[in-house]
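Note sheet for the following structure.
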Number of protein chains: 2
Amino acid sequence: MENRLERIKKQLHAQSYKLTPQREATVMVLLEHEEDHLSAEDVYLLVKEKAPEIGLATVYRTLELLTELKVVDKINFGDGVSRFDLRKEGVNHSHHHLVCIECGAVDEIQEDLLGEVEKIVEKDFHFKVKDHRLTFHGICHRCHGQSAVKEEADPSLAGNV
Amino acid sequence: MENRLERIKKQLHAQSYKLTPQREATVMVLLEHEEDHLSAEDVYLLVKEKAPEIGLATVYRTLELLTELKVVDKINFGDGVSRFDLRKEGVNHSHHHLVCIECGAVDEIQEDLLGEVEKIVEKDFHFKVKDHRLTFHGICHRCHGQSAVKEEADPSLAGNV
DNA sequence: ATGCATGCAAATACTTTGCATAAAC
DNA sequence: GTTTATGCAAAGTATTTGCATGCAT
């Protein structure tokens, strides 16, 4: 965790940005909630616990900065909010998501399943792939087979949105 | 074109919705701009040419309805707007997109390249896939190789956003 | 001192909603 | 005549921006 913060600090410095206490608190929240897909508002509320004086605008500005630096990916599941997803270290593309249409849970696939597909895109469509966004919509393993008890599916117990 | 409108009309009627003149005008705009990725506002402006009295709210409501009926897909490229993309007939999933980071053009891949990947997702992640969203970010065939003349890339001549 | 970063409030952008009217069945 | 759809305006969200202040070099 510490070294990831350090690395991000270096990335900031490399572009002559500072790791201010507010930015550090924001990054820490993201590191601590790596599995989640937090909206700017979510991040704001969590950062406030560490740095109560922080403003929402600063959080937005920090998330924008981190997106630029490719520390996080700004993703969108079709509800009206952008969510921010920490990239794994050394990984140069956004990972995949599984959105459950029953319970709303969002799970991640870290493994890159698009290698072959990207080759086809580059060859057949003459498109130089730099990054990708892949989301599947369907029924997650928790909801699967329990369509009879749909109503009881509890997203809070399941994957994180 | 006519038959596609007819088919959409039937889909509406099947759920006891009406094909009002406003809805028809909206659908016609979508059919005429199949290659584009129009925002609600874009659709509104185009529909106004056919039906000047239409209100923006009606366009939003119609697009929402068409999304429900899976006539269109509501997609999002990360700029703050939802865009609406007509599904091909008989196709039951969203098609793929190629977003050029140089010129902003968005091209489509109609062919489904995810068959194998979905099998893996279903087997290894126990996730029943119902639909998907796949977007590649990179350099399109028009911009490719002309990085020296970047500034001259003209999205209006290229694919449509 | 200078420049970057912050907090707050105001502004903007997009989308949804309430409600009275109008059209369709 | 009852339901469904529309247009307008108002309200809601999400996000961005302006600006005075603060912090760090």
Side-chain angles (χ1 to χ4, degrees), chain A residues 8-9 11-29 37-69 71-85 161, chain B residues 8-29 37-69 71-84 161:
Chain A
I8 291 165
K9 186 172 179 175
Q11 282 181 267
L12 283 163
H13 287 164
Q15 315 261 332
S16 50
Y17 293 117
K18 297 162 196 165
L19 183 62
T20 63
Q22 291 91 335
R23 285 177 184 166
E24 179 169 338
T26 305
V27 169
M28 286 311 292
V29 163
H37 301 90
L38 304 174
S39 67
E41 185 83 27
D42 294 338
V43 174
Y44 172 62
L45 293 173
L46 289 164
V47 174
K48 261 185 118 59
E49 294 173 10
K50 293 176 199 290
E53 74 298 344
I54 201 170
L56 181 54
T58 300
V59 172
Y60 270 102
R61 283 187 278 233
T62 301
L63 291 171
E64 188 191 12
L65 184 57
L66 295 173
T67 303
E68 246 173 59
L69 295 176
V71 169
V72 299
D73 286 304
K74 190 175 179 177
I75 54 177
N76 201 296
F77 295 130
D79 52 349
V81 252
S82 293
R83 297 177 181 278
F84 296 86
D85 206 6
V161 173
Chain B
I8 291 165
K9 186 172 180 176
K10 273 178 198 145
Q11 283 180 266
L12 283 164
H13 287 164
Q15 315 260 333
S16 52
Y17 293 117
K18 297 162 198 166
L19 183 62
T20 63
Q22 290 91 335
R23 286 177 183 166
E24 179 168 338
T26 305
V27 170
M28 287 310 293
V29 163
H37 300 91
L38 304 175
S39 67
E41 185 83 27
D42 294 338
V43 173
Y44 173 61
L45 292 173
L46 289 164
V47 174
K48 262 187 116 62
E49 293 172 11
K50 293 177 198 290
E53 74 298 342
I54 201 170
L56 181 55
T58 300
V59 171
Y60 270 102
R61 283 187 280 233
T62 301
L63 291 171
E64 188 191 11
L65 183 56
L66 294 174
T67 303
E68 247 173 57
L69 295 177
V71 169
V72 299
D73 287 304
K74 189 175 179 177
I75 54 177
N76 201 297
F77 295 129
D79 53 348
V81 254
S82 293
R83 296 176 181 280
F84 296 85
V161 173

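Below, chain A is the first sequence line, B the second, and so on; all start at residue 1. It should be emphasised that the depicted structure is a prediction, and the values quoted were computed from it without experimental measurement.
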Once side-chain contact (heavy atoms from CB on, under 4.5 Å) is applied, do any residues pair with [X], and if so which ones, sequence neighbours excluded?
X: A:A57; value: A:R61
X: B:S39; value: B:E41, B:D42, B:V81, B:R83
X: B:Q15; value: B:Y17, B:L69
X: A:A40; value: A:Y60, A:L63, A:F84

Spacing of A:T62 atom OG1 and A:L12 atom CG [to the nearest 0.5 Å]: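 The distance works out to 9.0 Å.
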Separation of [N] [atom2] from [X] [atom1] (nearest whole Å):
X: B:D79; N: C:dA13; atom1: CG; atom2: C1'; answer: 12 Å
X: A:Y17; N: C:dC4; atom1: OH; atom2: P; answer: 10 Å
X: A:L56; N: C:dT12; atom1: CG; atom2: P; answer: 18 Å

Look at all strands and tell whether B:E41 reaches a base, only sugar-phosphate, or nothing, counting heavy atoms closer than 4.0 Å.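 Contact class for B:E41: none.
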So what does A:S39 touch, heavy atoms closer than 4.0 Å: a base, only the sugar-phosphate, or nothing?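 Nothing, no heavy atom under 4.0 Å.
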Quick one: list whatever passes salt bridge (Lys or Arg N to Asp or Glu O under 4.0 Å) with [X], sequence neighbours left out.
X: A:D85; value: none
X: A:K9; value: none
X: A:K48; value: none

Please list, chain by chain and in numerical order, all residues satisfying side-chain hydrogen bond (donor to acceptor under 3.5 Å, both in side chains) with B:N76, sequence neighbours excluded.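 B:N76 satisfies side-chain hydrogen bond (donor to acceptor under 3.5 Å, both in side chains) with no other residue.
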Can you name the closest pair of heavy atoms from A:K74 and A:S82 and give their distance?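 It is CE-OG, 3.4 Å.
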Output one letter per nucleotide in nucleotides 20-25 of chain C: B when a protein non-hydrogen atom lies under 4.0 Å from the base, S when only the sugar-phosphate is that close, - when neither is. ------
Near DNA chain D, counting only heavy atoms under 4.0 Å, which residues of residues 57-68 of chain B show up?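 DNA chain D contact set from residues 57-68 of chain B: B:A57, B:T58, B:R61.
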With a strict under 4.0 Å distance from non-hydrogen atoms of chain A, what nucleotide opens and what nucleotide closes the contacted stretch of DNA chain D, reading 5' to 3'?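 Range of nucleotides touched by chain A: D:dA14 to D:dG18.
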Restricting to pairs with a member in residues 16-25 of chain A, which pass salt bridge (Lys or Arg N to Asp or Glu O under 4.0 Å), not counting sequence neighbours?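 Checked against salt bridge (Lys or Arg N to Asp or Glu O under 4.0 Å) - neighbours excluded - no pair reaches residues 16-25 of chain A.
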